[in-house]
Q: 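Next up is a structure, given as structure tokens.
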Amino acid sequence: MTEKRRLLPGLDAPAILREAGKLLDKRVEQPSRRAFLRRGLTLGGLAMLSGCSLSDDESVEHALSAVSRFNDRVQGWIFDPAKLAPTYPESMITRPFPFNAFYGIDDVPQVDEASFRLEVTGMVADKRRWRLDELRAMAQVDQVTRHICVEGWSAIGKWGGVPFSAFLNRVGADLSAKYVGFKCADDYYTSIDMPTALHPQTILALTYDGRTLPPEYGFPMKLRMPTKLGYKNPKHIQAIFVTNTYPGGYWEDQGYNWFGGS
Ligand SMILES: Nc1nc2c(c(=O)[nH]1)N[C@H]1C(S)=C(S)[C@@H](COP(=O)(O)O)O[C@H]1N2
Ligand SMILES: [Mo]
């Protein structure tokens, strides 16, 4: 009897194993070990690895998300806080830079600068709200880096703003906390691990290509992280919070890998 019939009447075993294999890819850096793991993975092995019985669609979902959470931990362990993502000359900037959101460009939120205040809450000493010009008054940096979207495109862009580690230090964030979460003006939300928040290339971006961040790219601010995939980079940030409680994210809660390193 094949494993498919024994474990999963009506479920697509090859597709499940392909999905689990993709999730496992990031846990091992050596391609040969990766291929070996993927080839060697069986439904029984997946059940054991995740501690889930694979009896229906729902338990398969559970098993795959357990593998994904395991993958988060491994990506966290192998993340090197000193390793920099590639940077590019300005001549390589992609023009026009693509727009992407979970809605069309006509529905981009229009945030009013005069009344805007950035909320900062959770494990921080200073919960004061921030006006945009206060952020502009801090030391600024810029970077030309590649944005990679899981939908199958990538583009090089130039973002400028406040190094996020400087911001976190300024508000007296507890840097031993596990997560930094973001709430956006368009109901998007996401969260990141503290080591990535403190990475030297993680910036609270206020500009795109030398000008105020335009609405479509995330006015009034976005978090720009060249070490993470596109969906981890929140646009239109309204609130930032530091927490030890897993905050999830818009796409992450629908099955995208949470760590989302690139
Ligand atoms: N607030 C908000 N941030 C978001 C999204 C979104 O829909 N809303 N989409 C994410 C995804 S999937 C991508 S690829 C990038 C796109 O950013 P861009 O429009 O600057 O290319 O934004 C990310 N951040
Ligand atoms: Mo994306």
Side-chain angles (χ1 to χ4, degrees), residues 22-23 26 68 72 75 85-88 90 92-113 116-121 130 132 135 142-162 164 167 179-193 196-197 199 201-241 247-262:
K22 273 193 282 174
L23 287 166
K26 287 214 165 128
S68 189
D72 286 337
Q75 287 188 76
T87 58
Y88 302 86
E90 296 203 7
M92 284 182 71
I93 292 175
T94 307
R95 298 180 195 281
F97 192 84
F99 161 82
N100 195 32
F102 66 90
Y103 44 79
I105 197 158
D106 293 340
D107 294 323
V108 165
Q110 303 294 326
V111 176
D112 171 50
E113 172 162 351
F116 176 80
R117 301 288 183 277
L118 172 70
E119 245 179 67
V120 185
T121 62
W130 288 68
L132 219 45
L135 288 169
D142 57 40
Q143 61 174 236
V144 179
T145 53
R146 185 182 292 277
H147 170 117
I148 302 166
C149 173
V150 287
E151 285 169 49
W153 56 271
S154 81
I156 294 172
K158 179 180 171 184
W159 292 270
V162 179
F164 197 46
F167 179 78
Y179 309 107
V180 182
F182 303 87
K183 293 183 204 160
C184 308
D186 55 1
D187 294 333
Y188 198 77
Y189 61 103
T190 187
S191 54
I192 59 169
D193 52 295
T196 300
H199 185 275
Q201 287 173 310
T202 296
I203 64 178
L204 196 52
L206 305 171
T207 67
Y208 180 76
D209 206 7
R211 292 193 308 266
T212 302
L213 198 64
E216 65 271 29
Y217 301 143
F219 184 84
M221 72 192 75
K222 77 175 267 177
L223 196 75
R224 176 61 198 144
M225 293 171 284
T227 56
K228 282 210 192 293
L229 294 167
Y231 63 89
K232 298 299 298 180
N233 291 234
K235 306 194 284 187
H236 316 291
I237 297 172
Q238 267 185 335
I240 298 176
F241 57 100
Y250 180 90
W251 289 116
E252 295 88 331
D253 293 351
Q254 300 177 55
Y256 281 29
N257 174 248
W258 177 78
F259 194 87
S262 67

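Computed from heavy atoms alone, side chains included, the values below leave out hydrogens, waters and symmetry copies. Residue numbers start at 1 and run along the sequence shown. First listed ligand is number 1; within each ligand, the first listed atom is number 1.
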Q: Verify the distance criterion only: is there a donor paired with an acceptor across the side chains of Trp258 and Ser191 at less than 3.5 Å?
A: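 A pair is found: one side chain offers a donor N or O, the other an acceptor, under 3.5 Å apart.
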Q: May I ask you to test the Val180-Phe164 pair for a side-chain heavy-atom distance under 4.5 Å?
A: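 Result yes, sub-4.5 Å side-chain heavy-atom pair found.
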Q: Counting neighbours of NZ on Lys183 that are heavy atoms of other residues, nucleotides or ligands and sit closer than 6.0 Å, is the number greater than 12?
A: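 Not more than 12 within 6.0 Å, no.
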Q: Could you pull out the N/O contacts under 3.5 angstrom between ligand 1 and the surrounding protein atoms?
A:
{"from": "ligand 1", "atom 1": "1 (N)", "to": "Asp186", "atom 2": "OD1", "distance (Å)": "3.0"}
{"from": "ligand 1", "atom 1": "1 (N)", "to": "Asp186", "atom 2": "OD2", "distance (Å)": "2.9"}
{"from": "ligand 1", "atom 1": "1 (N)", "to": "Lys235", "atom 2": "O", "distance (Å)": "3.0"}
{"from": "ligand 1", "atom 1": "3 (N)", "to": "Lys235", "atom 2": "N", "distance (Å)": "3.0"}
{"from": "ligand 1", "atom 1": "7 (O)", "to": "Phe102", "atom 2": "N", "distance (Å)": "3.0"}
{"from": "ligand 1", "atom 1": "8 (N)", "to": "Asp186", "atom 2": "OD2", "distance (Å)": "2.8"}
{"from": "ligand 1", "atom 1": "19 (O)", "to": "Asn100", "atom 2": "N", "distance (Å)": "3.0"}
{"from": "ligand 1", "atom 1": "19 (O)", "to": "Asn100", "atom 2": "O", "distance (Å)": "3.4"}
{"from": "ligand 1", "atom 1": "19 (O)", "to": "Lys235", "atom 2": "NZ", "distance (Å)": "2.6"}
{"from": "ligand 1", "atom 1": "21 (O)", "to": "Pro98", "atom 2": "O", "distance (Å)": "2.8"}
{"from": "ligand 1", "atom 1": "24 (N)", "to": "Asn233", "atom 2": "O", "distance (Å)": "2.8"}

Q: Is Glu252 paired with Lys232 through a side-chain N to carboxylate O contact shorter than 4.0 Å?
A: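 Looking at Lys232 and Glu252, the cut-off is met.
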Q: Any ion pair linking Lys228 and Asp193 (charged N to carboxylate O, less than 4.0 Å)?
A: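 Salt bridge flag = yes for Lys228 with Asp193.
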Q: Side chains of Arg224 and Thr145: do they bring a donor and an acceptor to under 3.5 Å?
A: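 Side-chain D/A pair, Arg224 to Thr145: present.
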